[in-house]
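Heads up: the structure comes next, in structure tokens.
Just so you know, these numbers use all the heavy atoms, side chains as well, and skip hydrogens, waters and symmetry mates.
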Amino acid sequence: MPESIVSLENTLNELEARVRERIDAAVTPEDLEAVRLEALSRKAPLNQFGKQMGQLPPEERARVGKLLNAVKEGLETAFEARKAQFEREALAHRLDSEWVDLTLPAPGPRPGSLHPVTQMQAEIEDLFTSMGFAVLGGPEVETEYHNFDALNIPPHHPARDMQDTFWLTDGNLLRTHTSPVQVRGMERLGPPLRMIAPGRVFRNEEVDASHDHTFYQVEGMMVDREVSVAHLIYFMKTLLSHIFRREVTVRLRPGYFPFVEPGFELDIQCLICGGPGCPVCKQSGWVELLPCGLVQPNVLRMSGIDPEEWNGFAFGLGLTRLAMMRYAIDDIRLLQSGDLRFLTQF
Ligand code: 2NL
């Protein structure tokens with residue numbers, strides 16, 4: 001066999017081997033395509049064989065020509081195979097990363113949640129309902145009589161000042177507490193009675209981090225025969241232990257409210273430090289929480305209840321303040337903001 005044809009065949013086989021190495025070495029489809037364009041281009045060594053083949057005798061030329069075609073076809077096949085492998089890999093990767101479990105339930109609309117003040121109110125309503133109290137509501141626009149006079153609040157009491165009360169032009173007002181609901185309760189139900197009156201109240205105040213013109217409270221009252229301060233303390237301790245989910249220690253200090261006699265400020269031992277003093281209780285060990293007392297006889301009489309036969313206790317609890325304590329909320333304005341970043345935390 002002449003030297004020339006053997007060396008041509010060797011060169012062809014070498015060229016093929018080099019291209020196959022580069023096919024194997026390609027790490028991306030783009031790499032591979034670049035290799036293919038180069039290796040099979042018109043100027044590529046493989047396509048430069050024509051000239052050299054022309055110098056061979058016809059039967060040898062046919063042999064080398066067959067080999068050349070076989071090499072080209074073999075390389076085309078190798079390119080296709082490698083390309084198909086890339087496509088399989090890409091598909092496998094997508095199937096892996098985009099896999100969706102179609103048997104999972106659809107997410108549906110995001111559920112809402114109760115406002116923290118509403119949650120406090122619902123808990124307190126549940127507790128008092130379980131102890132035989134009715135839950136009463138009433139108008140937010142009230143008469144001066146139901147908001148003030150019937151509560152033994154004299155005409156010149158500072159609570160009636162323009163400062164504190166939103167007066168309407170017709171002489172009515174936005175209730176400053178839910179006491180008028182209790183007045184209406186006494187008028188309607190008569191003794192004996194147990195009721196609470198949760199609701200929204202309004203004060204004409206400068207708004208800051210701890211004061212708002214609109215806030216929530218719960219007032220409550222029990223009227224029966226021979227109701228004592230002991231009954232008052234029992235119900236208040238039950239209320240506070242329920243809200244704070246542990247036994248609380250309380251103390252009573254005298255407090256003045258025209259609608260109770262005697263009147264008290266009920267404090268609880270600080271739940272943060274337990275007594276020694278901390279920033280929450282302002283180093284006193286106690287937190288003022290619950291004004292309360294025995295219902296003033298004039299108040300009973302004005303609502304048609306004979307104070308010689310009946311008496312009762314009453315209390316007023318700031319729901320807004322309680323929610324702030326429970327959830328460590330440091331700005332009262334958040335509660336009325338409607339800001340979902342705030343509300344969705346509850
Ligand atoms: C407050 C007020 C208190 C009452 C509210 C009351 C209502 C009637 C009769 C007697 Cl109809 N008392 N309510 C009693 C004691 C204290 O608190 O502003 N609390 C945050």
Side-chain angles (χ1 to χ4, degrees), residues 1-119 323 326-331 333-346:
M1 199 175 289
E3 181 67 24
S4 55
I5 184 175
V6 171
S7 80
L8 260 183
E9 283 177 351
N10 282 346
T11 310
L12 252 179
N13 287 334
E14 258 169 45
L15 278 174
E16 181 187 15
R18 231 176 294 145
V19 175
R20 281 185 186 275
E21 265 170 32
R22 293 182 63 195
I23 291 175
D24 289 342
V27 284
T28 66
E30 293 75 25
D31 270 357
L32 180 68
E33 181 63 7
V35 173
R36 192 181 70 84
L37 288 175
E38 195 194 312
L40 300 180
S41 77
R42 232 170 337 126
K43 288 192 183 137
L46 266 182
N47 288 324
Q48 297 295 315
F49 264 79
K51 283 180 236 145
Q52 299 165 57
M53 278 164 56
Q55 293 156 14
L56 295 173
E59 66 276 18
E60 290 183 356
R61 197 188 309 159
R63 228 180 89 179
V64 176
K66 257 193 198 154
L67 179 61
L68 178 59
N69 282 340
V71 166
K72 283 188 187 172
E73 269 167 36
L75 285 177
E76 290 284 5
T77 309
F79 276 115
E80 288 308 316
R82 184 85 176 106
K83 194 171 153 198
Q85 191 186 354
F86 277 129
E87 279 163 7
R88 273 197 309 277
E89 281 170 13
L91 181 63
H93 178 75
R94 277 189 60 192
L95 287 175
D96 238 23
S97 63
E98 295 175 19
W99 181 84
V100 178
D101 185 349
L102 294 175
T103 66
L104 285 176
R110 188 168 50 76
S113 56
L114 292 179
H115 191 283
V117 170
T118 310
Q119 291 183 34
R326 152 87 68 90
Y327 297 110
I329 297 165
D330 60 6
D331 192 325
R333 289 165 291 194
L334 286 167
L335 291 162
Q336 300 252 38
S337 68
D339 188 334
L340 287 176
R341 291 170 303 179
F342 170 73
L343 292 174
T344 52
Q345 297 176 67
F346 302 97

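The two atoms that bring I23 and A78 nearest to each other are CD1-CB, 3.8 Å, heavy atoms only. When all heavy atoms are compared, the tightest approach of L75 to R20 is CD2-CG, 3.8 Å. Here the closest heavy-atom approach between residue A44 and residue A39 is recorded as CB-O, 3.1 Å. Here the closest non-hydrogen pair linking L15 and L46 is CD1-N, 4.1 Å. For the residue pair E9 and L67, the shortest heavy atom distance occurs at CG-CD2, 3.6 Å. Of all non-hydrogen atoms in I329 and L334, the two that sit nearest each other are CG2-CD1, 4.2 Å.
Using a distance-only test at 3.5 Å, with no hydrogens or angles considered, a donor-acceptor pair links the side chain of R82 to the main chain of A26.
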Verify side chain to side chain contact (heavy atoms under 4.5 Å, CB included) between F86 and K83, making sure each step is shown before the conclusion.
CA-CA 5 Å; F86 277 129; K83 194 171 153 198; 5.5 Å; no

Show the numbers, then the answer: is there a salt bridge (charged side-chain N to carboxylate O under 4.0 Å, His left out) between R63 and E60?
CA-CA 5 Å; R63 228 180 89 179; E60 290 183 356; over 6 Å; no

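Side-chain contact between V19 and V71: absent, with no pair of heavy atoms (C-beta onward) separated by less than 4.5 Å. Side-chain contact check for E16 versus N13: some heavy-atom pair is nearer than 4.5 Å.
The CG atom of L114 lies 11.0 Å from the CG atom of L343; values are rounded to the nearest 0.5 Å. Between Q119 atom CD and R326 atom CZ the span is 7.5 Å, to the nearest 0.5 Å. Atom CD of residue E98 and atom NE2 of residue H93 lie 8.0 Å apart, to the nearest 0.5 angstrom.
The side chain to side chain donor-acceptor pair (under 3.5 Å) contacts involving residues 67-77 comprise N47-K72, where partners must be two or more places apart or lie in separate chains.
Shown here are the ring-ring contact (aromatic ring centres under 6.0 Å, His included) partners of F342, two or more places apart in sequence or in another chain: F346.
Side-chain contact check for R88 and Q85: no donor-acceptor pair (N or O, by modelled atom type) lies under 3.5 Å.
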